[in-house]
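Input: a single structure, listed below in structure tokens.
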Amino acid sequence: MTGGKTQLRELLERAGLEVVGHGRVDGVCPAAVAWRPVVSANAVPTVAVRYDRPGQVAELNRQWHRLAVQHGVFDDSGEFLISVAGHGRGSPEDGGWTRVRLAGRWDLAGVLGERGGRPEFVTMSPDGATVLGATSEEYEVWLIAVDHFPAWVESWAEALARECPQARESGWQAVTRWKTASQRLRSAWREGLALNPAAPASVLLRLFDVEEGDRLPGESRLIHRELPDEVVEAWISHPAPRVRKLLAERWTLTAEQRERLLDEPDPRLRRFFTIAAAHQGSPLTEATFARLVADPSIEVRAEVALHRDLPPRHLVTLADDEEPAVRRAACGPAWPHLEPGIRTSLTADPDPGVRAEAILLTHTAVPMPVSVFATLSDDGERHRAARECLLSGELGDALARSTDRETRRAAAGNPDLAPHLVAELARDPDPAVRWTVWVRPDLSEEERARVPVEFDPEAYCRPLPWVLALQGDEEAMRRCASSAHPLVRRSAACAKNLPPDVVELLARDEDRVVRLFLAENCAQAPAEVLLEMCRTWDGYSSARFPDHPEFPRHNALRLADDPEPRMRRLALEDPAATADLVERFSRDPAEDVRWHALRDPRLTPASVIRLLDDPCGFIREAAAGDPRLTTGALAPLLHDATIAASAAANPAIPEHVMHHLMDRKPPVTN
């Protein structure tokens, strides 16, 4: 009996069940957990009805309803959860459950089975407290009721946690007896092994045994995880270009390893590796730089010109390259190292892009007249000149009074623009132009206050670069921290280190974002600010606050009963927190609290096993990868396709079992 959601809904409707809403269920354990006491070899029936009993189906329905009422399967609205064998048991999307209620005429025993009167289903109260299942044995149908189901799960986990060495060995023997596996399982194992921190080089090397065009298992994980040198060497020399290409993102390659990677015969791939190295500022050997500068590929030479560590002599060589694209790329980085004659020749270069770059660089030291500005044909070049170049008086007037908004905006950001023009642009009708003036570093507090801008305190903002550049100047930081303008204060709060008086001032700032930036960036952020942000900030950085050296760990235990889960979990940071608190938090109603308890080394193996059945999928996955699992708990997970990848990442798996998982073949089909 198999099928999708539509077929399941049709089956339930034939059985006289009304699907409530969309039938989705959250906050309870997966249905596979509730099936355990029903299909267990040690199961004892609450009621048994023989197949040859007259009116067997009607009797089964009557007994099921009696037990459901008696054991509290129905909630106040008559709703309950049901899982039918062969229809989504353990489905990760909904836990294998459907929320239903009885219609006017219903027949569970006659419909929910392979054939009438042979039912196979399990029901549970919506709060997960009671389970009532029906299963067909050899001569009779058993109805099995389990009250206090969470306690049953606890007992099951505790029993599974008691494992002797012989049981551990027999558990792995049970895994290695199987010689075949589905493609889905085999793929999941390889994905998990790519992340497994205990996987030795002999296992990791086998992950690279892929056909041309196939995806490398766990590629995003392999890129960033620590790997033995021999594995990296095998990756560099892999025959498939697509596999080698992934190494461009691996930041930890040594200069020598990257040298071999850049000895790539395919110029397109060589360019790709060069782009990555230049963008990341990756270390390269002198021999590598020299080879790339002389590379036959124009694109490679142009890309290596952008590497921050390229020696000046190579930049000078590239600035005189025969190809315009290379000269354009090298002109800017090479400019400080070029002789005056070479600079002059570049301003007359036959390529317009090279000429424009050289002209713009020339006029960072020499005022640009209107006649030179007129030679710039590209809007981007003209706006860059307005923003970065020294301007003659005539050109400055023309740009600041241009009818083009973007030109005026670029001029408003020019650090050398004449003060009277800055004052004019501060009254510009366009708000973007006024904003550009408002954030200039040379304005006094009074001048900044006179610029009419609308500042949205909730809008995303970046710190002002000129404020960050002053963070080594304590007096400048004091001025910025006491500014009347929130963006200046926010930028000051982004400094890595600040004097105590500046920290105190920013910690009392009325702008919440100032306090947030202080908590996110400053090594001296006060404990009370860190605690405030833990309570009020939901952003990605909130997870880092407890790692801050000033976080108030020694007083965190008082938060153990806080109504807010994000605060409650912080109690585990207190050195006085006990193993009992960890156990209590592993049963907390909030999934975030349970997840933090799972990460605590004091959590017992029995509780780790229990969390394999957690309602939350990411907690189940984390528990599957926990090395505290016993073999009896871990081994079956390797054959559950919904969680096999997380289980294969568990470092408790012996090396010979890892190899066995790699050896398993697809089933033979006729």
Side-chain angles (χ1 to χ4, degrees), residues 195 197 220-221 223-226 249 251-252 280 457-465 467-468 471 477 481 486-487 489-500 502-509 511-560 562-577 581-582 585-586 588 590-603 616 618-619 621-622 625-626:
L195 186 62
S220 61
R221 298 165 175 180
I223 287 169
H224 301 294
R225 66 163 287 181
E226 186 176 346
E249 298 181 51
W251 287 49
T252 56
Q280 299 166 5
E458 300 302 320
Y460 176 78
C461 66
R462 294 180 180 274
L464 299 171
V467 175
L468 293 181
Q471 59 184 300
M477 286 292 100
L487 188 54
R489 301 198 308 277
R490 290 180 181 187
S491 302
C494 292
K496 299 300 181 186
N497 291 282
L498 289 168
V502 177
V503 171
E504 182 181 357
L505 183 62
L506 294 172
R508 291 186 282 104
D509 198 289
D511 182 1
R512 183 183 70 92
V513 179
V514 170
R515 303 193 302 276
L516 171 62
F517 284 2
L518 189 70
E520 287 181 330
N521 297 283
C522 183
Q524 296 83 22
E528 61 271 17
V529 173
L530 292 166
L531 208 56
E532 176 201 357
M533 291 305 132
C534 281
R535 185 177 293 279
T536 61
W537 176 239
D538 286 326
Y540 73 93
S541 61
S542 61
R544 303 200 314 263
F545 295 143
D547 298 328
H548 195 285
E550 297 300 322
F551 184 81
R553 292 171 185 79
H554 289 276
N555 200 25
L557 205 55
R558 63 188 172 86
L559 301 169
D562 195 284
E564 191 65 45
R566 75 175 78 179
M567 302 304 292
R568 207 158 56 239
R569 66 175 175 80
L570 295 176
L572 293 178
E573 302 289 336
D574 197 311
L581 181 65
V582 179
F585 276 8
S586 74
D588 194 274
E591 59 189 35
D592 186 48
V593 177
R594 299 197 303 275
W595 185 76
H596 278 80
L598 175 59
R599 297 177 63 203
D600 195 295
R602 292 168 292 184
L603 190 68
C616 177
F618 72 79
I619 292 179
E621 291 175 357
D626 195 298

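- Remark: side-chain polar atoms of Arg569 are not paired, donor with acceptor, to backbone N or O of Ala590 under 3.5 angstrom.
- Side-chain atoms of His548 never come within 3.5 Å of backbone atoms of Arg544 as a donor-acceptor pair (strictly under, hydrogens ignored).
- Smallest separation of non-hydrogen atoms from Leu598 and Ala622: CD2-CB, 3.6 Å.
- Looking only at side-chain heavy atoms (C-beta outward), Lys496 and Asn521 come within less than 4.5 Å of each other.
- Side chain of Arg535 to backbone of Met567: no donor-acceptor contact under 3.5 angstrom is found.
- Between Leu559 atom CG and Cys534 atom SG the span is 9.0 Å, to the nearest 0.5 Å.
- Here CD of Glu621 is found 12.5 Å from CH2 of Trp595. Values are rounded to the nearest 0.5 Å.
- Closest approach of Ala519 to Ala525, counting heavy atoms only: CA-CB, 3.9 Å.
- In this structure, Leu531 and Glu528 have side chains that are not in contact, with every pair of non-hydrogen atoms separated by 4.5 Å or more.
- Across all non-hydrogen atoms, the minimal contact from Val503 to Cys522 is CG2-SG, 4.1 Å.
- Under the 3.5 Å distance criterion, the side-chain polar atoms of Gln280 are left unmatched by any main-chain donor or acceptor of Trp251.
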Exercise for review: Check step by step if side chain to side chain contact (heavy atoms under 4.5 Å, CB included) holds for Arg566 and Asp538.
Suggested key: CA-CA 9 Å; Arg566 75 175 78 179; Asp538 286 326; 2.3 Å; yes
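- Looking at Arg553, its side chain does come within 3.5 Å of a backbone N or O of Pro546 through a donor-acceptor pair.
- In this structure the side chain of Cys494 reaches within 4.5 angstrom of the side chain of Leu468, judged on heavy atoms.
- The two residues Val513 and Pro457 have their closest heavy-atom pair at CG2-O, 4.1 Å.
- Atoms OG and CE, on Ser491 and Met477 in that order, are 8.5 Å from each other to the nearest 0.5 Å.
- With a 4.5 Å cut-off on side-chain heavy atoms, Phe551 and Leu570 count as touching.
- Considering every non-hydrogen atom in both Leu557 and Ala577, the closest pair reads CD1-CA, 3.9 Å.
- Distance CG/Asp511 to CZ/Arg490: 4.0 Å, rounded to 0.5 Å.
- When atom types are taken as modelled, the side chain of Gln524 and the backbone of Leu498 share a donor-acceptor pair closer than 3.5 angstrom.
- Taken to the nearest 0.5 Å, the CE atom of Met533 stands 11.0 Å off from the CZ atom of Phe517.
- Considering every non-hydrogen atom in both Arg515 and Asp509, the closest pair reads NH1-O, 2.6 Å.
- The distance from atom CG of Leu518 to atom CG of Leu530, rounded to the nearest 0.5 Å, is 8.0 Å.
- The environment of NE2 in His554 is sparse: at most 12 heavy-atom neighbours from other residues, nucleotides or ligands sit within 6.0 Å.
- Looking only at side-chain heavy atoms (C-beta outward), Leu581 and Arg602 stay at 4.5 Å or farther from each other.
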